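A short write-up of the structure that comes next.
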Amino acid sequence: MTVPSATRRPAAGSAAPDHAPTAGRFTEVADGVHAYVQHDGGWCLNNAGLVVADGESLLIDTVATEARARALRERVLRRAGRPPRLLVNTHFHGDHTFGNFVFPEALVVGHERAREEAAAAGTHLTGLWPDVCWGDLEVVVPAVTYRDRMTLHVGAHEARLLHTGPAHTTGDTAVWLPGPRVVFAGDLVMSGVTPFCPMGSVSGSLAALARLRALDAVTVVPGHGPVGGPELLDANEGYLRRLQRLAAEGIAAGLTPLQTAREAGPGPYADLLDAERLVPNLHRAYAEALGAAPGDPLDIPALFREMSDHHGGLPACHA
Ligand SMILES: [Zn+2]
């Protein structure tokens with residue numbers, strides 16, 4: 001018997017096609033463990049995660065705009081049956097945190113530095129892309145913070161929060177589920193997207209990748225781009241090692257980070273989205289090569305302007 005398409009309904013929780021332009025798509029990567037991926041992973045199009053077990057749920061990150069956050073909430077309710085009581089922010093960036101406010105039932109958890117950074121940043125990110133329809137955002141910072149590690153229990157699932165030191169920012173958290181061997185890496189890992197570490201550290205990002213590698217995860221949910229396995233760690237590591245090499249060569253040749261970026265170009269990483277990040281990334285690599293400590297503040301607005309000039313205009317943000 002054929003079912004008329006108008007009456008055919010997707011089963012609850014299935015990965016039904018979703019045509020809303022502001023929505024991502026959930027995929028179940030292990031029993032009760034879901035990755036929410038927003039195509040194409042470029043500027044402000046981040047991933048989130050959801051762990052559902054025994055009537056409990058944990059949300060990992062939210063999204064950048066009010067419309068995207070409301071779409072995420074609707075899909076979370078569809079998967080979990082009720083609002084999550086726990087929400088972890090992997091770091092302070094607005095694409096991962098601005099949607100916190102549409103989950104008022106959730107206790108927001110993050111690294112202590114992520115709370116400070118989120119409070120200091122406010123909605124600053126919206127000013128970088130004034131044409132994006134951000135909605136009526138209300139900044140909600142983590143109410144519970146930790147320093148080194150913390151474990152959350154979601155029904156039978158154990159979710160271990162790991163802080164790796166300055167890497168993508170100074171307050172990054174990876175969420176490790178030792179049962180199904182899934183790690184939600186936040187922006188410590190990008191997939192098909194250029195890594196971005198001017199607010200953290202190149203050497204720290206490499207140390208974070210080594211720490212994630214030691215987990216021996218089967219599934220790696222990156223902060224941006226498609227879900228993968230440990231091979232994602234290799235790609236990120238290769239990019240970061242090239243940054244260090246380029247910085248050492250640039251310094252030896254008396255070139256500025258911008259000159260080095262112009263001369264070297266994206267090289268073998270030309271296929272990654274948002275290649276213009278090479279400029280601010282090189283600034284961080286230079287600073288470290290010249291003795292700055294991981295996470296020492298750089299002038300991020302100035303780096304963003306230089307990156308935009310190098311790119312020939314403001315990079316596209318499709319949030
Ligand atoms: Zn980020």
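If you're wondering where the values come from, they're calculated on a predicted model, not measured in any experiment. Read the numbers this way: they start at 1 and go in the same order the structure lists the ligands and their atoms.
With the Zn ion (ligand 1) as the vertex, NE2 (His168) and ND1 (His93) define an angle of 90°, rounded to 10°.
Taking 2.8 Å as the threshold, His91 counts as a candidate ligand of the Zn ion (ligand 1), since one of its N, O or S atoms lies below it. Here Asp187 reaches the Zn ion (ligand 1): one of its N/O/S atoms is less than 2.8 Å from the metal.
The aromatic rings of His96 and His91 sit tilted relative to each other, their planes meeting at an angle between 30° and 60°. Ring planes of Trp129 and Trp43: tilted class, angle from 30 to 60°.
Between Arg213 and Glu237, at least one side-chain N (NZ, or NE/NH1/NH2) sits under 4.0 Å from a carboxylate O, which counts as a salt bridge.
Crowding of Asp31 atom CG: a count of heavy atoms from other residues, nucleotides or ligands under 6.0 Å not exceeding 12.
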